[in-house]
Amino acid sequence: MRTLPAIAGFTLAALLLIPAAQAQPRPTELRVGVVSDVLTLDPHNYRERVTQTVLGNLYDGLFLKLGDNSNNALISELRQLDGRTFEATIRQGVRFHDGTPMTVEDIKFSFDRILQPGMIGGQSSPRRSLLAPLSSVEVVGPDRIRLNLSGPWPVMTSMMSTESVVSRAFAEAQGPAGMATRVNGTGPFRLVAWNRGDSVVMERFPDYYGGPAELPPAGPARVDRVTFRVIPETTTRVAALLAGEIDIATDVPVHMRAQIQRNARTRVAAVNGTRSFFIALNNTKPPFNDLRVRQAANHAVNRQLIIDRVMAGTATAINGVLSPESYGFNPDLPAYGFDQARARRLLAEAGHPNGFDVTMDTIGAQRDIAEALAQMLTEVGIRTRVQVWEGAVLTPLWQNPDRKERDMLLGSWGSGALEPTGIFTPTLMTRGRGNSSGYSNAEVDRMLTAAETEFDDARRVQLYRDAQAIVNREAPWVFLWVPQDIYGVSRAVQNWEPQPSAMIYLHRATVSR
């Protein structure tokens, strides 16, 4: 039998195989430009949105929330035994990135690490308050866990959707320092490198169990590699998108939308965000302890003018605390119409016919908006000076419930789960951790407390709507708007759209170049 001639150590048959190898699909990479670096890679030791977004692609939890619905992820079934007890069956075939199978002991350890004091090198998890009604997780079988609550918790699956499961063996071997820099999750991607201040690089985990079956197509991620690049400067981030250096740019300002849209290779994607903006008025001292003055401030502000001219229509005016996308939103709240004459009458009735001088606090990123609002307030007699602070200095000034000395704060608060318990309760319940205005109303407190343990959906919605009506009437804030989250996206990216939660889940995303 005649053999094919050898050429430089190869047979012709071997050479004929080379074009086939070259025809294999090139590895695909999806690159995301974000404004800041992650704080840590420990999923139980942070409270920050960029960190949550990145870790959401490396770790999975019991549930995954996309859009309005929470779906079973690391569990296959959830059963309610009574108002305070649930049992869950864990999903079979789930593996950590090191190849070891996930067990019920890993789930129990993960929640113990959040719930129990001092579990992170002597420190307690800053995520504990997000799971306040969850008292313990216990193992009740080789594939079953029990969730024990201190009381009814209607939003359990939603609030638990961002809490990650870690490997007990890995966490105990690594210790807190190792967990802060290394990852062994069950998510669709596994860590390649964290280059501090520059990027987080991850690769497709081929043994991924597939994620929720309710979110097809289930299975491993559909891109080979993901890089989250840290690009703090907005113009640089958008320029990188236009040049094809990244595929998704977060936090796009309004004035750069047209530039992205004009580029044939990019598009703008926007979604109503989760963050409500407001001017917190110090309700605990004059002049804003008078309802008429607070109402005057609301009538003095032309919100729609700012939305249209400054924000190019990329925000929705609100008349209360909640986003229109939030559970329990009340669409029937009356608006405080822009009415300067009425604002002046209310000030005169409150004993301020000649107006008064106040200071509005804000951070540098909001200075332009603050100046526009201050001018409107000044025109009716609420003579407002803007003072810009560093966020780390400003927050303690306003969140100390025993020391309310400032006048006005241009602020915001977000709830990634779009649940009132994440925004209404902390900002407007008496002595809430985010109650910058010092507002206190016993009836609102009662309604918010009752809603958090009410399983009847209609009654729960009504409690939140009634509480919003009271807050709207008492005007502890100047109600402003919910801005859209704006992204620049390469047209090479398919099967991905922004989420109202601001999470960037890349489980199903594809890239065609």
Answer yes or no: is there a donor N or O on one side and an acceptor on the other, between the side chain of Arg383 and the main chain of Thr378, under 3.5 Å?
-> no
So, Tyr487 versus Trp496, ring centres under 6.0 angstrom or not?
-> yes
Can you name the one residue among Ile231, Val32, Thr227 that meets side-chain contact (heavy atoms from CB on, under 4.5 Å) with Ile246?
-> Ile231
Close side-chain approach of Val358 to Phe288, heavy-atom, < 4.5 Å = yes
Show your working on side chain to side chain contact (heavy atoms under 4.5 Å, CB included) between Met376 and Phe338 and close with a plain yes or no.
-> CA-CA 10 Å; Met376 292 176 176; Phe338 175 55; 5.6 Å; no
Side chain of Asp361, backbone of Val388: donor and acceptor closer than 3.5 Å?
-> no
Would Asn282 and Tyr439 count as having a side-chain donor-acceptor pair, cut-off 3.5 Å?
-> no
Would you say Glu452's side chain and Trp153's backbone share a donor-acceptor pair under 3.5 angstrom?
-> no
Sidechain-backbone polar pair: Asp368 side chain, Gln366 backbone, donor-acceptor under 3.5 Å = no
Compare every heavy atom of Val54 with every heavy atom of Met202, then report the nearest pair and how far apart it is.
-> CE-CG1, 3.9 Å
Evaluation steps, salt bridge (Lys or Arg N to Asp or Glu O under 4.0 Å), between Asp407 and Arg385 | CA-CA 10 Å; Asp407 301 318; Arg385 179 178 70 92; over 6 Å; no
Heavy-atom closest pair, residues Asp247 and Glu29 = OD2-O, 3.6 Å
Measure the CE-OG distance between Met159 and Ser415 for me, rounded to the nearest 0.5 Å.
-> 6.5 Å
Distance, nearest 0.5 Å, that separates CG of Asn283 from CG of Asn435 = 8.0 Å
Determine, for Tyr46 and Arg127, whether the Lys NZ or Arg CZ falls below 6.0 Å from the six-membered ring centre while staying within 45 degrees of the axis.
-> yes
Would you tell me whether Thr510 and Asn495 have side-chain atoms, one donor and one acceptor, within less than 3.5 Å of each other?
-> yes
Say whether, by atom type as modelled, one donor and one acceptor occur between the side chain of Gln494 and the main chain of Arg491 under 3.5 angstrom.
-> yes
Kindly give the heavy-atom pair with the smallest separation between Phe111 and Leu134, and that separation in Å.
-> CD2-CD2, 3.9 Å
State whether a side-chain donor-acceptor pair under 3.5 Å links Tyr505 with Gln499.
-> no
Heavy-atom distance under 4.5 Å between the side chains of Arg431 and Ser440, does that happen here?
-> no
Can any side-chain N or O of Thr266 pair as donor or acceptor with the backbone N or O of Ile260 at less than 3.5 Å?
-> yes
Whether Ser161 side chain and Ser158 backbone form a donor-acceptor pair below 3.5 Å | yes
Do Asp42 and Arg182 sit within salt-bridge range, that is, some charged N less than 4.0 Å from a carboxylate O?
-> no
Under 3.5 Å, is there a donor-acceptor pair between the Arg275 and Ser412 side chains?
-> yes
So which heavy atom on Leu377 is nearest to which on Ala300, and how close?
-> CD2-CB, 4.0 Å
Do you know the tightest heavy-atom contact between Gly118 and Ser124?
-> N-OG, 3.0 Å
Test: Arg237 and Asp251 ion pair at under 4.0 Å = no
Modelled atom types, side-chain donor and acceptor of Asp466 and Gln462, under 3.5 Å | yes
Does the side chain of Arg303 pick up a donor-acceptor pair with the side chain of Asn319 at under 3.5 Å?
-> yes
Measure across Pro500 and Leu418 and return the closest heavy-atom pair with its distance rounded to 0.1 Å.
-> CB-CD1, 3.5 Å
Under the side-chain hydrogen bond (donor to acceptor under 3.5 Å, both in side chains) rule, what do Arg47 and Ser129 come out as? Steps first, then yes or no, please.
-> CA-CA 11 Å; Arg47 287 286 292 272; Ser129 63; 3.1 Å; yes
Are Leu322 and Gln468 close enough that some pair of their side-chain heavy atoms sits under 4.5 Å apart?
-> yes
So, Trp194 and Asp37: side-chain donor and acceptor under 3.5 Å apart, yes or no?
-> yes
Determine whether the side chains of Thr40 and Asn45 contain a donor N or O and an acceptor N or O closer than 3.5 Å.
-> no
Decide yes or no for Phe228 and Val201: does some side-chain heavy atom of the first lie under 4.5 Å from some side-chain heavy atom of the second?
-> no
For the residue pair Ser70 and Lys65, confirm or rule out a side-chain donor-acceptor distance under 3.5 Å.
-> no
4.5 Å side-chain heavy-atom contact, Val461 and Arg465 = yes
Take Thr236 and Glu233, measure what side-chain hydrogen bond (donor to acceptor under 3.5 Å, both in side chains) needs, and give me the verdict at the end.
-> CA-CA 5 Å; Thr236 305; Glu233 174 57 44; 5.3 Å; no
CA sep, side-chain torsions, deciding dist, call: Ser125, Ile120, side chain to side chain contact (heavy atoms under 4.5 Å, CB included) = CA-CA 7 Å; Ser125 172; Ile120 305 177; 4.0 Å; yes
Report yes if some heavy atom in the side chain of Met360 is under 4.5 Å from a heavy atom in the side chain of Leu373; otherwise report no.
-> yes
How many angstroms lie between CG in Asn400 and CD in Glu405, if you round to the nearest 0.5 Å?
-> 9.0 Å
From CA spacing to verdict: side chain to side chain contact (heavy atoms under 4.5 Å, CB included), Thr181, Arg196 = CA-CA 10 Å; Thr181 58; Arg196 290 179 184 268; 3.3 Å; yes
State, without any angle test, whether Gln387 and Thr362 hold a side-chain donor-acceptor pair at a distance under 3.5 Å.
-> no
Pairwise distance CZ(Arg309) to CD1(Ile307) - rounded to 0.5 angstrom = 13.5 Å
Step through the shown structure and confirm whether more than 12 heavy atoms of other residues, nucleotides or ligands are within 6.0 Å of CZ on Arg367.
-> no
Could you state the interatomic distance from CZ (Phe189) to CG (Asn57), rounded to the nearest 0.5 Å?
-> 6.0 Å
Check for a donor-acceptor pair, side chain of Arg128 on one end and backbone N or O of Leu131 on the other, with a separation under 3.5 Å.
-> yes
With a 3.5 Å cut-off and no angle check, do the side chains of Ser436 and Arg406 form a donor-acceptor pair?
-> no
Identify whether the distance between the nearest side-chain nitrogen and carboxylate oxygen of Arg446 and Glu454 falls below 4.0 Å.
-> no
With a 4.0 Å cut-off, would you call Glu203 and Arg190 a salt bridge?
-> yes
Keeping the roles fixed (side chain from His44, backbone from Ser164), state whether a donor-acceptor pair exists under 3.5 Å.
-> yes
Are the side chains of Leu410 and Leu480 in touch, meaning some heavy atoms are under 4.5 Å apart?
-> yes
So, the side chain of Thr51 versus the backbone of Arg49: is there a donor-acceptor pair under 3.5 Å, distance only?
-> no
Would you check, one step at a time, whether the test side chain to side chain contact (heavy atoms under 4.5 Å, CB included) holds for Val293 with His352?
-> CA-CA 9 Å; Val293 175; His352 302 285; 3.9 Å; yes
So how far is it from Leu506 CG to Ile504 CD1, rounded to the nearest 0.5 Å?
-> 7.0 Å
Is the shortest heavy-atom distance from the side chain of Ile369 to the side chain of Val310 under 4.5 Å?
-> yes
